[in-house]
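Presented below is the structure to which this report refers.
Each chain gets a letter, A, B and so on, in the order its sequence line appears, and its residues count up from 1. Just the heavy atoms: all of them, side chains too, but no hydrogens, waters or symmetry mates, feed the values below.
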Amino acid sequence: MRSLLWLIPLLLLAACAPLREENRFGLAELNEHVVPESTAGRWALSPVAMPVGLATYFVDGLLIHPLFVWDDAWTDTRDTVWDTRDESRFRKSLTFPLRVVGTPVVWVLSFVGRWLLPLENVALADQPWDQPPGGAG
Amino acid sequence: MTTTARRRRPSLACAVALTLSLLTALPGCAFQNPDNRRLWNAFEENLVPESDTAFYCALPLTIPGGLLAIVIDVVVVHPFSIVDDAWGEATEQWDDLDWQGEYWYEAGVSPLRGAWTVVHFVGGVIGRAIFDVPAFQKAEPSGSPVAEPKRPLKVGEASGADDSDLREVGAAHKSIKTWLLSLISGAPSPGQPLTEKPKVAAAWDDELQGLSERVQSEAPIRARIAYYTWSFECLPPGYESTWLGLTDDDARVRATMLVLLAKRLSLPDHVRQALLDDDDPIVAELAWQLLTDHD
């Protein structure tokens, strides 16, 4: 039992991201398809809804949400580390190894932050993979 | 054993005294607000003699009595008086739950919400017992577009009144309260209660704010006009509800206040526009005459 104690802080951390409605993927599906119309029905279902809803909440936060933020973390990394448009050729060459080393660090930090915190997701329109950050210019 | 107990007693007493001193010295602590010193206020108002001779003669009794009142205020009276505020704040998260649209979410997080309510309540009691936190007010749905934003008020906030002014502030408070109550009852006492802005500001608190709101909603027309005129003259900036007179439900009040105040007051755009678009043709015409640069 004690070996499972590490789960508590992890669950508490993962409880933050689904506070944003857009991060409740499984709960959104349940709310869409399985909600009794009547108040009595909702009360009757509550013994099931409480544990299932809570489990789905944590599944949303711990398992599903990270699938949606890995690319946002990459956008953060690209904008933070690889936006070199305003820099000279010499400076780009000088900092290249640092950028290579910094890339996984920034990506992991961004990924963990976006996974656990209720941050705003990066809109798809802001992820132009085929052009440099900030537009084609 | 006895020696140890003897040694411990003074150190415990010192620790309590030091803690109380530190708490009462903190600038933001609850005790800095005279509103939070109920017992001490009552003690000072009722048991401290006014004449010089009696005052100095009674000092050997009033000083320990006052200190005891402070301790009871800090440890018992104030913490108990803020329990309902902490409870209201902690349970506010249970209002407006969407059991239809977000059923599974609301049901699932209800155990977490319950646990958080307990933590929030305990933290709220401790925080409010130590620090001067404004009284909890339930969030109200936004009203009319010209509603004046409310802000928490506390005695002495605007004037910086110190403890020596307490008696004077108490008298001002009583005077204003009596007058406001007479307005609500529809039998206004003659004259105005107090016209010195610093004293009014020092005396103004949540109780008077509540009464002033009752005047605006319950009092007869002439009483409301008297209140609005007084508040324009006497309430300091930030407290006055001057343009509420211009957005009163009754057109007669709006028209009267418009005539009285239009030239003496810079109106926010939304109030000015509301008057120009008033449903009552007389008010709208008066607004056009008094608020626009027509030739």
Side-chain angles (χ1 to χ4, degrees), chain A residues 4-65 68 115-121, chain B residues 28 79 82-131 133-145 147 149-152:
Chain A
L4 294 177
L5 284 178
W6 60 271
L7 267 173
I8 294 174
L10 185 65
L11 288 176
L12 286 177
L13 280 172
C16 292
L19 289 174
R20 280 185 84 89
E21 197 174 343
E22 66 196 54
N23 297 338
R24 298 177 211 149
F25 311 95
L27 285 170
E29 289 300 315
L30 285 171
N31 286 327
E32 181 75 24
H33 299 109
V34 199
V35 177
E37 287 291 323
S38 66
T39 307
R42 290 198 290 274
W43 274 107
L45 190 63
S46 61
V48 176
M50 275 194 194
V52 172
L54 189 62
T56 312
Y57 182 86
F58 284 121
V59 168
D60 277 344
L62 277 176
L63 302 178
I64 304 180
H65 186 226
F68 286 83
W115 174 17
L116 299 179
L117 301 175
L119 302 176
E120 191 171 357
N121 295 334
Chain B
I82 48 80
V83 164
D84 55 341
D85 283 333
W87 180 251
E89 200 171 48
T91 54
E92 194 182 24
Q93 58 183 307
W94 292 93
D95 297 342
D96 304 325
L97 301 185
D98 183 8
W99 287 104
Q100 180 64 49
E102 291 284 336
Y103 174 71
W104 290 89
Y105 168 71
E106 301 294 6
V109 299
S110 56
L112 300 178
R113 211 188 286 276
W116 177 241
T117 302
V118 176
V119 174
H120 196 161
F121 173 68
V122 173
V125 168
I126 294 171
R128 284 176 178 277
I130 296 173
F131 298 104
V133 182
F136 168 73
Q137 287 181 324
K138 257 197 185 310
E140 291 172 7
S142 55
S144 62
K150 302 282 191 300
R151 71 192 193 89

Legend entry - Side-chain donor or acceptor of B:Tyr103 paired with backbone N/O of A:Arg42 under 3.5 Å: yes

Inset, instruction - Under 4.5 Å heavy-atom distance to chain B, tell me which part of A:Pro51 shows up: side chain, backbone, both or neither. - result: neither

Inset, instruction - Mind ranking A:Ala55, A:Ala28, A:Ala49, A:Gly26 by heavy-atom pairs under 4.5 Å with chain B and telling me who comes out on top? - result: A:Ala49

Legend entry - Side-chain heavy atoms of B:Leu112 within contact of A:Tyr57, under 4.5 Å: yes

Legend entry - Toward chain B, the part of A:Ser46 with a non-hydrogen atom under 4.5 Å: both

Inset, instruction - Please check if atom CH2 in B:Trp116 has more than 12 non-hydrogen atoms from other residues, nucleotides or ligands closer than 6.0 Å. - result: no

Inset, instruction - Just do the side-chain contact (heavy atoms from CB on, under 4.5 Å) check on B:Tyr105 and A:Asp60 with the steps written out, would you? - result: CA-CA 11 Å; B:Tyr105 168 71; A:Asp60 277 344; over 6 Å; no

Inset, instruction - Look at atom CD of B:Gln93 and say whether more than 12 heavy atoms of other residues, nucleotides or ligands are closer to it than 6.0 Å. - result: yes

Inset, instruction - Find the one option among A:Thr39, A:Val52, A:Val34 whose heavy-atom pairs under 4.5 Å with chain B are most numerous. - result: A:Val34

Legend entry - Nearest heavy-atom neighbours spanning B:Ser110 and A:Met50: OG-CE, 3.6 Å

Legend entry - Contacting moiety of A:Glu32, where chain B heavy atoms sit under 4.5 Å: neither

Legend entry - Exceeds 12 heavy-atom contacts within 6.0 angstrom, atom CH2 of A:Trp43: no

Inset, instruction - For residues B:Trp104 and A:Thr56, determine if any side-chain heavy atom of one lies less than 4.5 Å from a side-chain heavy atom of the other. - result: no

